[in-house]
Amino acid sequence: GPAGRRKHPLELLDGLAGKRRSVRDDLLFLISDFQALGLDDVSASARQWSHTLRRLPCDVVPVLISFELPREQRGTIKLWDPERRRQRLTLVTPSRIDRINALERQRIERIEKLFRSVGLSYLTLRRERDVYPSLAWLARARRGRGA
């Protein structure tokens, strides 16, 4: 879809369900910040994910992008304001960074809990340099369980 348009990850997966058939097993990497999940009820979300995943002819590996701010960040930066539904300049202080990061860790933990509950292998990227080590870890983990 167009850049900036948020789609629910299950909407994307539902669009693929039943369309693609492969002679061999495939991996589908779903790269997102998963902001659209709205995890008020993890068990209801888990049921929806399980239903969709059963219909897919491939393994799905969510790649979760986290947005913790570096502790040494200072000054003003553009941050998403959910109340105004737009970005705005925000003065960041060490205590504000701690609060933002604590909320981000809680968000990530809820999403990881959902993925674990439906049996998905997933990657969580907190920094750009995490990409290759995380992919290597995933490859070792999947080989280890015979997948």
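This one's a predicted model, so the numbers in the text were calculated from it and none came from an experiment. Values reported hereafter were calculated over all heavy atoms of this structure, with side chains retained and with hydrogens, waters and symmetry mates removed.
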Any side-chain heavy-atom pair from [X] and [Y] closer than 4.5 angstrom?
| X | Y | value |
| --- | --- | --- |
| Asp98 | Arg71 | yes |
| Leu123 | Trp137 | yes |
| Leu69 | Ile77 | yes |

Could you give the distance from [atom1] ([X]) to [atom2] ([Y]), rounded to the nearest 0.5 Å?
| X | Y | atom1 | atom2 | result |
| --- | --- | --- | --- | --- |
| Asp59 | Ser121 | CG | OG | 7.5 Å |
| Thr76 | Leu89 | OG1 | CG | 5.0 Å |
| Thr52 | Arg47 | OG1 | CZ | 13.0 Å |
| Glu109 | Leu114 | CD | CG | 14.0 Å |
| Ile111 | Lys113 | CD1 | NZ | 13.0 Å |
| Asn101 | Phe67 | CG | CZ | 12.5 Å |

Grab the two heavy atoms, one from [X] and one from [Y], that are nearest each other, plus how far apart they are.
| X | Y | value |
| --- | --- | --- |
| Val118 | Ser50 | CG1-OG, 3.4 Å |
| Arg96 | Leu91 | NH1-O, 2.6 Å |
| Leu28 | Cys58 | CB-SG, 3.9 Å |

Do the side chains of Leu125 and Phe29 join up, straight or via other hydrophobic residues, at under 4.5 Å, putting them in one cluster?
-> yes

Worked check of side-chain contact (heavy atoms from CB on, under 4.5 Å) between Leu30 and Val61 = CA-CA 6 Å; Leu30 183 61; Val61 178; over 6 Å; no

For side-chain contact (heavy atoms from CB on, under 4.5 Å), just list the numbers for Arg88 and Thr90, CA-CA rounded to whole Å, side-chain angles, deciding distance to a tenth of an Å, and then say yes or no.
-> CA-CA 6 Å; Arg88 69 180 191 141; Thr90 305; 4.1 Å; yes

Kindly write out the residues that satisfy salt bridge (Lys or Arg N to Asp or Glu O under 4.0 Å) with Glu104, not counting sequence neighbours, or none if the list is empty.
-> Arg107

Any chance you could lay out the side-chain contact (heavy atoms from CB on, under 4.5 Å) test for Ile65 and Arg126, step after step, and finish with the verdict?
-> CA-CA 6 Å; Ile65 301 169; Arg126 289 178 171 79; over 6 Å; no

Chi angles and distances behind the side-chain contact (heavy atoms from CB on, under 4.5 Å) call for Leu120, Trp49 | CA-CA 10 Å; Leu120 284 174; Trp49 276 81; 4.1 Å; yes

Could you please spell out the steps behind the ring pair (Phe, Tyr, Trp, His ring centres under 6.0 Å) verdict for Tyr122 and Phe34?
-> CA-CA 12 Å; Tyr122 61 88; Phe34 294 96; 9.7 Å; no

